[in-house]
Visitor: 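Take a look at this one; I'll ask things after.
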Amino acid sequence: MSTPTTVARLFGATLALTSATPALADTAYPQIPEPMIFDMMRPLGAAKGELEVNALAVTNSPFRPREAEWAPEIEYAFADGKAVEFELPFDGTRLEALKLGLQAAFGASADGRSAHGVQYLGIYDRDGRRYSNSLLYMAGHRFSARWSMMTMVGVDDIALRRRAGRNALLLNNATFYDVQPGTVAGVELNVAGGAARLVRVAPQLHQRITRHVNVQLAGGVEKARAHRARPIAGVRLVREF
């Protein structure tokens, strides 16, 4: 089990890392969509003061809403290139966990086509009364006016001593195609190691409804260890301020 001391050390180290990141207001960052399933906490290079609220719902049974997993969250850029997120994951009507995230951008390439950063997630499971953490490196690249990619890779359920299911691989890769202004198609691959060993593939469509409202839809398949592959469907509603 991750102890509160371990959590505090990881949180403190990540906070120090974000504080050490230089101001990014004058740096040209590529415009890359955010993955739908494994959400970021604002785009890399976000400007201070950016605020977003959104909610994601994912289910294996589209006709049984009570079986959906969903999570409202709020994301805020408290400095240029640095953001914080508060999330409340639900399973149906039951609040499963409390989630806190931090994100920092490290910089962009000279031509403004690539950027990278880091993301920290801390989760308190209310049922098991245990803390878990993950730390991911993020790298985004815009190949052309239409094609772009965001890759996130790191370690899930961090522990100082490796145990079964701990310090597992966490990978998320999303490839996007800008169909037209306001419409983005993509496919997201998520791989989670550990006890579950979950692999998920989610083709998705992002549609901007107004300047500040975005709707994202996904349908795909997931496969967990010792379970058959099963379909998934998801929707994320985004409101920016």
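Starting from 1, each residue takes its place in the sequence as its number.
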Visitor: Tell me whether Gln31 at atom CD has more than 12 heavy atoms from other residues, nucleotides or ligands lying less than 6.0 Å away.
Guide: no

Visitor: Which atoms form the tightest heavy-atom contact between Tyr29 and Leu44, and what is the distance?
Guide: CD2-O, 3.5 Å

Visitor: Any sub-3.5 Å donor-acceptor pair from Arg208's side-chain atoms to Asn214's backbone N or O?
Guide: no

Visitor: For residues Pro30 and Ala115, report the shortest heavy-atom separation together with the two atoms involved.
Guide: CD-CB, 3.9 Å

Visitor: Which word best sums up how the rings of Tyr177 and Trp147 line up, parallel for under 30°, tilted for 30 to 60°, or perpendicular for over 60°?
Guide: tilted

Visitor: What heavy-atom pair brings Arg142 and Ser148 nearest, and what distance separates the two atoms?
Guide: NH2-OG, 3.5 Å

Visitor: Can you check whether Val179's main-chain N or O pairs, donor with acceptor, with Arg146's side chain at less than 3.5 Å?
Guide: yes

Visitor: Tell me, with the steps shown, if Val58 and Met36 meet side chain to side chain contact (heavy atoms under 4.5 Å, CB included).
Guide: CA-CA 11 Å; Val58 177; Met36 174 182 160; 5.8 Å; no

Visitor: Between Asn190 and Glu222, do the side chains contain a donor N or O and an acceptor N or O under 3.5 Å apart?
Guide: no

Visitor: Okay, side chain of Glu87, backbone of Ala71: is any donor-acceptor separation there less than 3.5 Å?
Guide: no

Visitor: Is the ring pair Tyr131/Tyr124 parallel, tilted or perpendicular, if the boundaries are 30 and 60 degrees?
Guide: tilted

Visitor: Could you pull out the closest heavy-atom pair between Leu98 and Pro89, with the gap in Å?
Guide: N-CD, 4.4 Å

Visitor: A quick test of your reading: do over 12 heavy atoms of other residues, nucleotides or ligands sit less than 6.0 Å from CZ of Arg211?
Guide: no

Visitor: Can you tell me if Gln103 and Glu85 form a side-chain donor-acceptor pair at under 3.5 Å?
Guide: no

Visitor: Ser109 and Asp111: which non-hydrogen atoms are nearest, and at how many Å?
Guide: OG-OD1, 2.6 Å

Visitor: Using modelled atom types and a 3.5 Å cut-off, is there a donor and acceptor pairing between side-chain atoms of Asn60 and backbone atoms of Ile232?
Guide: no

